[in-house]
Amino acid sequence: MVRTRFAPSPTGFLHVGGVRTALFAWLVAKQAKGQFILRIEDTDKTREVAGSEKHIMECLTWLGLSIDEGPDNSLEFGPYRQSQRLDIYKKWAKQLIDMGRAYVDTTTPEDLDKLRELAKAKKQPFLYRNLRPDSPISQPYLEGTPIRFKSEPKPYSWHDEVMGDLSTGPEVIDDFIILKSDGFPTYNFAHVIDDHLMKISHVIRSQEFLPSVPKFLNLYEALEIKRPKLATLPYVMGPDGKKKLSKRDGAKDLLDYQRQGFLPEALVNFLATLGWNDGTEQEIFSLPELIAKFQLNKVQRSGARFDEQRLLWMNGHYIRGLSKKQLSAKAADFWPATAKADQAYKDDVLGLVQDRLKFLAELPELTNFFFEEPKTSAVKSLLNEDQQLKNISQETKQQMLKETVKELSMSSFSLADIKERLNKLLSQLETKPAILFSLVRIAISGAPSSPELFGTLKVLGKQKSLERLNQAILGLV
RNA sequence: GGCCCCAUCGUCUAGUGGCCUAGGACACCAGGUUUUCAUCCUGGAAACGGGGGUUCGAUUCCCCCUGGGGUCACCA
């Protein structure tokens, strides 16, 4: 049975790096029709940020990563918050003590610091196991004192589902704290116990834990439990490509993408192909496709830089693929405050801008002029500075606009009729589309760029279009 | 510093000894689709870090170097 887990600590928002780890774990579980478990690793009360747990679930839900077991739907393997499992860790720690594989450590943190500095001065690696008492205090749990694992140094080689065959020497194995003086377990201990009790089959986590794996291996042996499969994911690197993506260096809250109008499908696709591909030239994958095709051993071993350009392109691609109805629903919350028009009008506007939307929060700047009059000053300066228009005299421009008004006032304002009449004007005025159409486009939009002209006129409507054209004529005096 | 991991266009990547005059995508540049911007289409520029091996033949296997990253907590 395949069971994977995502085990974040509730210390703030999730960014794309963390979410990608969750996605990969989820894909592995779903592919095998197994379970995906959310476990909250809240063993460091000092770092906890209120609301994190809720935020984590919101992120997963938004992306469509269903949680089979977790704090909200606790099943037989719960509780799924480590802070609620303290008794379990104590029990296992006591068992280790009884076996002679853990001991009470009375060294103070201050002394530890001194010992570390000493070792550093001597240019020797600091290994606690060299210092441990000959016959460690084996008395059971002592309130307010940490418990340390008694390691058995040895070389290890093991297989990692992503990284391949890995090995280390005995020098990396050391005694480490399993239970802190506040009674909470450390990550190193708690996750091993929980993964075992929750019957996790694949531990999928990011690279920072790689150097600790031999310690875990040593612990698995001491506990006499079978270790799960291990999969280590490379980092998602920041935009500079130098460091792993982190909040400190400006990584965004995943929900910021939601707020910006990115589609979950796009984010999932982007995240999945950031460090993974199926060996073909396919770029676009739906979630079901990912479930079918994802392979841990096809995950890249090196870090992948987070490239927002590519995300932008992909999101635009998904927006273009939306039906009118879907887009209309998704865009509902993104309209500018000025958009007080009825839904049919808004939908027409959407039809015109769908191709150029990269993310939904762009809607206001792209569609403003459909809802409020363009600024006369903007129209005026654009009419004067436009590449195509700057060498045309004011009189000619005025003349052309007047003819346009005249012609369009006779129009039924169907798309075909607008097109026909403007084309007729073109030959009548002996001018090029580049000139006449630019003129009209700027007059009705007051924007440096706008959607296709005939459609824009039609959506705007006869009355508004003519008003704006007349307004522009006045502005040219 | 010790230990560990990694290394193909600017970026994400294909490539598991000959199919590679190294393929695709994003971004970029040029041209086209009756204006602009976007879309779409066509074309272009753009990479195997260096040095040794192994081999008839290395992007692909091995070693060294270089470079990058991570880790050495009573944080996860």
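Below, read A as the first sequence line, B as the second, and so on, with proteins coming before strands; counting in each chain starts at 1.
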When rounded to whole Å, the NZ to P distance for the pair A:Lys432 and B:U36 reads 11 Å
Write down the protein N/O and nucleotide N/O pairs, taken from nucleotides 10-12 of chain B, whose separation is under 3.5 Å; answer none if there are no such pairs.
unit_1: B:C12; atom_1: OP1; unit_2: A:Arg305; atom_2: N; d: 2.9
unit_1: B:C12; atom_1: O2'; unit_2: A:Thr273; atom_2: O; d: 3.1

Base, sugar-phosphate, or nothing: which does A:Ser302 touch, judged by heavy atoms less than 4.0 Å apart?
sugar-phosphate
Take A:Lys243 and A:Ile435, find for each the nucleotide of RNA chain B with the closest heavy atom, and name the residue whose nucleotide sits nearer the 5' end.
A:Ile435
Are the charged groups of A:Lys298 and A:Asp278 less than 4.0 angstrom apart, N to O?
no
Short N/O separations, protein against nucleotides 29-34 of chain B, under 3.5 angstrom:
unit_1: B:U34; atom_1: N3; unit_2: A:Asn423; atom_2: OD1; d: 2.8
unit_1: B:U34; atom_1: O4; unit_2: A:Asn423; atom_2: OD1; d: 3.3
unit_1: B:U34; atom_1: O4; unit_2: A:Asn423; atom_2: ND2; d: 2.5

Start at the 5' end of RNA chain B and walk down; is the nucleotide closest to A:Asp355 or to A:Asp278 reached first?
A:Asp278
Could you list, one pair per line, each protein nitrogen or oxygen that sits under 3.5 Å from a nitrogen or oxygen of nucleotides 40-44 of chain B, together with the distance?
unit_1: B:C40; atom_1: OP1; unit_2: A:Arg320; atom_2: NH1; d: 3.4

A:Leu14 to A:His55 - nearest heavy-atom pair and separation
N-CE1, 2.9 Å
If the plane angle is over 60° it's perpendicular, under 30° parallel, otherwise tilted; pick one for A:Tyr128 and A:Tyr103.
parallel
Run the side-chain donor-acceptor check on residues 110-121 of chain A: report pairs under 3.5 Å with partners two or more places apart or on a different chain.
unit_1: A:Asp111; atom_1: OD2; unit_2: A:Thr108; atom_2: OG1; d: 3.2

Would you list the protein and nucleotides 71-74 of chain B atom pairs, both N or O, that sit under 3.5 Å from each other?
unit_1: B:A73; atom_1: OP2; unit_2: A:Arg116; atom_2: NE; d: 2.7
unit_1: B:C74; atom_1: OP2; unit_2: A:Arg116; atom_2: NH2; d: 3.4
unit_1: B:C74; atom_1: O2; unit_2: A:Ser181; atom_2: N; d: 2.7
unit_1: B:C74; atom_1: O2; unit_2: A:Ser181; atom_2: OG; d: 2.7
unit_1: B:C74; atom_1: N3; unit_2: A:Ser181; atom_2: OG; d: 3.2

For a salt bridge (Lys or Arg N to Asp or Glu O under 4.0 Å) check, start with the C-alpha distance between A:Arg441 and A:Glu452, then their side-chain angles and the critical distance, and finish with the verdict.
CA-CA 9 Å; A:Arg441 193 190 67 74; A:Glu452 172 266 316; over 6 Å; no
Regarding A:Arg421 and A:Asp417, does a basic nitrogen lie under 4.0 Å from an acidic carboxylate oxygen?
yes
Taken in chain and number order and not counting sequence neighbours, the residues that satisfy side chain to side chain donor-acceptor pair (under 3.5 Å) with A:His15 are none
What is the distance from CG of A:Leu233 to C1' of B:C6, rounded to the nearest Å?
14 Å
